[in-house]
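Below: one structure, written as structure tokens.
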Amino acid sequence: MRVLVVGGGGREHALVDACGRAGHEVLCTPGNPGIAQQARVVASAQDAASLADLAVREGVDVVIVGPEAYLAAGLVDACRERGVPAFGPTRAAARLEGDKAWSKAFMQRHGIPTAAHRSFADLGEALTYARVQPLPLVVKDAGLRAGKGVTIARTHAEAEAALRDIFAQEGAQAVLEEFMTGQEVTILALTDGERYALTPPSQDHKTIFEGDTGPMTGGMGVICPFPLTATDLERIRAEIIEPALAGMRAEGHPFTGVLYAGLMLTPAGPRVVEFNARFGDPEAEAVLPLLSSDLAQHALDAALGHLDPATVHFRDGASAVVVLAAPGYPGEAQKGIPLRLPPLGSGEVIYHAGTAEQEGQLVASGGRVLAVTATAPTLNAALGRAYALADRVDFPGAQLRRDLGARIGARPDPRQV
Ligand code: GLY
């Protein structure tokens, strides 16, 4: 099969890697230097019509869309109009991620458990409400902010600052939510709109500093699998995934692609923190190395409306992703730092997230720069290998979290070093 992966970060590198492993010819746009070692990187304007035209010109069998911005821009719709199967939700269905106020209202309409909330289109009203809410208070930008539009405000002053930041943008909306406690877990459902297959549960680490402190990032590292109980898994299927897919069908926007359920395992059971409309990043870098079946075939089957969940398989074992971020991230990230990558052993892979080539030298070009991934029979072994590999990367000033897995009591096994 000829597959076009759209995007240029760590998630897309993992998508390219998974399709390549299954023996497909892989094209990618805009790609990155790591992707260029495994796929044909194709130059193209990045608007939906140009990308869909590219897919037609290149005769691709299926398009796999990575980042949410392309979904919100209608790339899947544009591909469908041209008769090219595309794996991802339409623009209307991608609203589940792109408009958090709409998404919360959708959950309410369909009885999907989530944090109590109120949405605001007016700064003054939001401030008045926020000032009398218990702390901590979750303040969310209703629009797309690359995973960084969320503040857990520990003081009313912090809540006010976050709201002022959101409303500094024209037409902004904010969602104010109750703070939920518990373990956070990500479940991804590959779906054709009706049938679905779940990936192993994983856990991202969203703040920049250890101990879950500091500002939110796009994600600083992932462990997989997260040890979910059979009861919680069954509740997630019955109370969250299935009502969400049924709700989207009932509202006339069947959801095809990857339904990302970001969940909190609260004392009252699993609740939705947020839905996203695509593979998580860096969750994809943890989950896809464990996939033993054919991602491109699943993408094509889902896009054509006949995904067979029984064909989706994951290997036993575990994976860990250590994100290496540039100094300054999640604020102004320092660019142009030279990178030198070590040789890789089996079960090790370094996905490029924010890299570029300058005069033949690999350099950091984004906030999250590398997703250092290892798989192993156990989670502790995977963590040990991922940290050992991260320590062999020459990236002056890199930021990383050394406490991945600590929330569930996992410990990097030093014997893997
Ligand atoms: N890792 C969080 C996200 O992909 O939104």
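Numbering of ligands and ligand atoms starts at 1, following listing order. Just so it is clear, the values below take in all heavy atoms, side chains as well, and ignore hydrogens, waters and symmetry mates. Quick note: residue numbers are just sequence positions, from 1.
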Fill in: Contacting atoms of ligand 1, where contact means under 4.0 angstrom from a heavy atom of G218
1 (N), 2 (C)
Item to complete: Compute the minimum heavy-atom distance from Y260 to ligand 1 and say whether it is under 4.0 Å.
Response: yes
Worksheet item: Quick one: does G219 get an N or O within less than 3.5 Å of an N or O on ligand 1?
Response: no
Practice prompt. Verify the distance criterion only: is there a donor paired with an acceptor across the side chains of S202 and E283 at less than 3.5 Å?
Written response: no
Worksheet item: Which atoms of ligand 1 sit under 4.0 Å from any heavy atom of K206?
Response: 2 (C)
Fill in: side-chain hydrogen bond (donor to acceptor under 3.5 Å, both in side chains), paired with E177, selected from K100, R118, K104
K104
Practice prompt. State which residues pass side-chain hydrogen bond (donor to acceptor under 3.5 Å, both in side chains) with R195; sequence neighbours excluded, sorted by chain then number.
Written response: D192
Worksheet, complete the sentence: For G280, the ligand 1 atoms with a heavy-atom partner under 4.0 Å come out as 4 (O)
Worksheet entry | Atoms in ligand 1 with a heavy atom of D204 nearer than 4.0 Å | 1 (N), 2 (C)
Item to complete: Determine the minimum heavy-atom distance between V222 and A286, stating which atoms define it.
Response: CG1-CB, 3.5 Å
Discussion item. Is it the case that the side chains of H352 and Q37 hold a donor-acceptor pair, with the cut-off being a distance below 3.5 Å and no angle test?
Written reply: no
Practice prompt. With heavy atoms under 4.0 Å as the rule, classify the contact between N276 and ligand 1 as side chain, backbone, both or neither.
Written response: side chain
Practice prompt. Look only at interatomic distance and state if R278 has a nitrogen or oxygen under 3.5 Å from any nitrogen or oxygen of ligand 1.
Written response: yes
Practice prompt. Go through the side-chain N and O atoms of N276 and E68 and say whether any donor and acceptor fall under 3.5 Å apart.
Written response: no
Worksheet item: Does anything in residues 32-51 pair up under salt bridge (Lys or Arg N to Asp or Glu O under 4.0 Å), and if so which pairs, sequence neighbours excluded?
Response: R40-E58
Item to complete: For E283, counting its heavy atoms only, list the atoms of ligand 1 lying under 4.0 Å from any of them.
Response: 1 (N), 2 (C), 4 (O)
